[in-house]
Amino acid sequence: MTIDHGALRVDIDRLVGRLDALGEIGAVLGPEGERGCARLALTDDDRLGRDLVIGWMRDLGLSVTIDAVGNVVGVRSGEDPSLAPVMMGSHIDTVRTGGRFDGNLGVLGGLEVVETLEQHGLRTQHPVAVAYFTNEEGARFQPDMLGSLVYVGGMALEEALDVRAADDGARLGDELARIGYAGPTPCPAAGAPHAFVELHIEQGPVLEDEGITIGVVTGVQGISWTELTITGRSAHAGTTPMRLRVDPGYVAAEITAGVRAIARQMGGSQVATVGRCEFSPNLVNVVPAKVTMTVDLRNTDEHLLQQAERRFEHLCETLAADEGVTVERRTLARFEPVEFDERMVDLVHATATRLGHSTLRMPSGAGHDAQMLARVCPTSMVFVPSVNGLSHNIAEFTGAADLQAGADVLLQVVLELARPVDPAV
Ligand code: HGY
Ligand code: MN
Ligand code: MN
């Protein structure tokens with residue numbers, strides 16, 4: 001039977017149906033009708049989401065493996081089993097104020113590609129795989145992209161299993177066992193995929209601002225996460241003169257403003273964020289004893305990111321000396337910028353153009369599992385627009401037409417890489 005491979009398109013209603021079903025697990029409904037999602041890694045909701053997706057994988061006849069850090073891979077056999085699979089994938093864990101598309105689209109878009117191939121009885125030379133990786137967000141356990149980092153051999157399994165959760169101190173390995181996802185498959189993975197393609201929402205405003213449908217992702221910017229523990233001296237808020245205070249709360253505020261100033265002065269792609277800041281004892285009439293906070297610095301250029309890190313470090317040292325506090329630093333994540341394989345980027349670009357979509361080559365501001373898979377195989381990403389540029393926000397949204405465009409590009413890219421057995425028309 002001959003099939004016009006180039007004319008194949010995904011079933012957008014089926015894809016949106018799965019996105020909605022998965023989005024109901026850990027659903028967070030907002031006052032304006034926003035429909036977000038909170039499924040922090042290795043929580044009971046994460047387990048429910050994992051179970052649901054594995055069920056869909058098995059319904060599609062995929063052979064499913066779970067590895068020792070909880071990464072799940074479903075494989076559709078190819079004509080030549082000796083060939084490495086073309087892999088699609090992303091993550092299904094979310095941040096606490098997450099949306100229904102971040103990560104989920106890359107996994108469920110991959111399942112939709114598989115189901116479209118099944119539906120048309122289309123066989124491929126290479127096996128085709130769909131994966132979801134553990135703890136991509138890094139919201140509960142750091143670093144982010146932990147599962148895919150272990151998968152590619154960038155972090156030792158034992159080290160990953162011993163990571164403690166930022167919220168309740170739970171050990172990652174214990175949580176993995178508790179939810180039943182400490183799998184038997186060894187990691188790092190025995191062999192690398194033939195190629196890896198990740199469909200993802202942009203999570204920023206660029207595509208929407210420029211009226212572009214497909215982001216052709218050229219790489220991922222560098223990430224530097226630091227946790228600071230600032231220790232001062234708790235004292236009475238009423239009786240302690242300002243000149244006698246050793247106030248970590250003041251230092252935390254100066255660091256928050258200071259890293260923002262560094263990013264503003266450096267310009268370009270430099271960004272700086274203080275996302276977590278916890279006072280202790282956190283009481284209205286007590287000069288704090290201690291503050292724990294995080295600083296997230298990113299830049300597309302490694303040298304500029306190092307420059308931002310040096311300026312941040314100098315700021316901490318100067319404030320500590322002036323106020324008399326101690327500042328302990330702990331690196332939570334540090335990844336250099338990644339450039340994707342030029343041929344893969346060109347393939348995404350040519351495919352999106354062939355399908356008639358507007359395109360823009362762009363780096364990713366967010367971290368993704370693709371930046372880890374790029375260490376072991378040719379990798380690229382397909383972006384679709386985020387309404388109002390919002391993500392890590394329960395108002396995150398991408399319309400069906402853009403979802404369809406992204407999934408169709410994914411389908412055609414994977415077809416090109418996996419090589420159909422049936423002759424094209
Ligand atoms: O932080 C990030 O960029 C990703 O969402 N983990
Ligand atoms: Mn993501
Ligand atoms: Mn995210």
Side-chain angles (χ1 to χ4, degrees), residues 19 22-23 26 28 36-42 46 49 53 71 88-110 131-150 154-155 163 166 196-204 215 217 219-227 269-276 294-300 305 331-338 362-374 379 381-386 389-398 403 406 410:
L19 284 164
L22 182 53
V28 177
C37 211
R39 271 198 321 270
L40 286 173
L42 308 187
D46 186 25
V53 176
N71 297 318
M88 298 168 280
S90 192
H91 61 96
I92 61 171
D93 64 303
T94 74
V95 295
R96 203 184 304 279
T97 54
R100 304 178 150 222
F101 303 91
D102 177 358
N104 299 336
L105 176 60
V107 178
L108 301 185
Y132 61 75
F133 298 101
T134 294
N135 189 57
E136 187 279 343
E137 288 296 358
R140 190 174 175 221
F141 299 95
Q142 291 86 34
D144 52 350
M145 288 76 74
L146 179 143
S148 49
L149 183 62
V150 174
M155 181 179 194
V163 168
F196 182 77
V197 194
E198 182 171 0
L199 171 62
H200 206 287
I201 54 172
E202 178 206 340
Q203 300 185 283
V217 188
V220 179
Q221 69 177 341
I223 298 176
S224 167
W225 285 1
T226 305
E227 180 187 71
S269 69
Q270 185 61 49
V271 288
T273 310
V274 170
R276 176 159 67 89
T294 58
V295 174
D296 176 327
L297 301 173
R298 306 197 196 196
N299 198 302
T300 51
L305 183 55
T331 299
L332 298 178
R334 182 59 169 93
F335 301 122
E336 295 196 3
V338 168
M362 60 191 294
S364 171
H368 299 287
D369 294 308
Q371 75 189 86
M372 302 306 170
L373 273 290
T379 293
M381 292 187 75
V382 182
F383 271 176
V384 289
S386 292
L390 287 180
S391 183
H392 289 190
N393 180 313
I394 63 170
E396 175 184 285
F397 187 75
T398 296
L403 295 173
L410 182 69

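Quantities reported herein were computed from a predicted structural model and do not represent experimental measurements. Both counts, for ligands and for their atoms, begin at 1 and track the order of listing.
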If the contact criterion is a heavy-atom separation under 4.0 Å, does Phe335 count as touching ligand 1? no
Does Gln203 come within less than 4.0 Å of ligand 1, judged by its heavy atoms? no
As a test of understanding, state which of Thr97, Thr94, Asp102 forms a side chain to side chain donor-acceptor pair (under 3.5 Å) with His392. Asp102
For the pair Ser269 (side chain) and Thr300 (backbone), establish whether a donor and an acceptor sit closer than 3.5 Å, ignoring hydrogens and angles. yes
What protein atoms of element N, O or S are positioned under 2.8 Å from the Mn ion (ligand 3)? Asp102 OD2, Glu137 OE1, Glu137 OE2, His392 NE2
Might you work through the ring-ring contact (aromatic ring centres under 6.0 Å, His included) test for Phe383 and His368, ending with a clear yes or no? CA-CA 12 Å; Phe383 271 176; His368 299 287; 5.8 Å; yes
Under the criterion side chain to side chain donor-acceptor pair (under 3.5 Å), I'd like the reasoning laid out for Ser386 against Glu202: C-alpha separation, chi angles, the key distance, then a yes or no. CA-CA 6 Å; Ser386 292; Glu202 178 206 340; 5.6 Å; no
Using a 4.0 Å cutoff against the non-hydrogen atoms of [X], which atoms of ligand 1 qualify?
X      : result
Trp225 : 1 (O)
His392 : 5 (O)
Ala366 : 3 (O)

Tell me the protein heavy atom at minimum distance from atom 5 (O) of ligand 1, and give that distance in Å. Glu137 OE1, 2.9 Å
Could you walk me through whether Asp296 and Thr273 pass the side chain to side chain donor-acceptor pair (under 3.5 Å) check? CA-CA 5 Å; Asp296 176 327; Thr273 310; 5.1 Å; no
Atom pair [atom1]/[atom2] of [X] and [Y] - distance to nearest 0.5 Å:
X      : Y      : atom1 : atom2 : answer
Leu297 : Ile223 : CG    : CD1   : 11.0 Å
Ile92  : Tyr132 : CD1   : OH    : 4.5 Å
Leu199 : Leu403 : CG    : CG    : 8.0 Å

Between Met145 and ligand 1, does any nitrogen or oxygen pair lie at a separation below 3.5 Å? no
Residue pair Asn104 / Gly99: nearest heavy atoms and the distance that separates them: ND2-O, 4.2 Å
For Ser391, side-chain hydrogen bond (donor to acceptor under 3.5 Å, both in side chains) partners two or more places apart: Gln203, Glu396
Pick, from Glu136, His368, Arg298, the option with the minimum heavy-atom distance to atom 1 (O) of ligand 1. Arg298
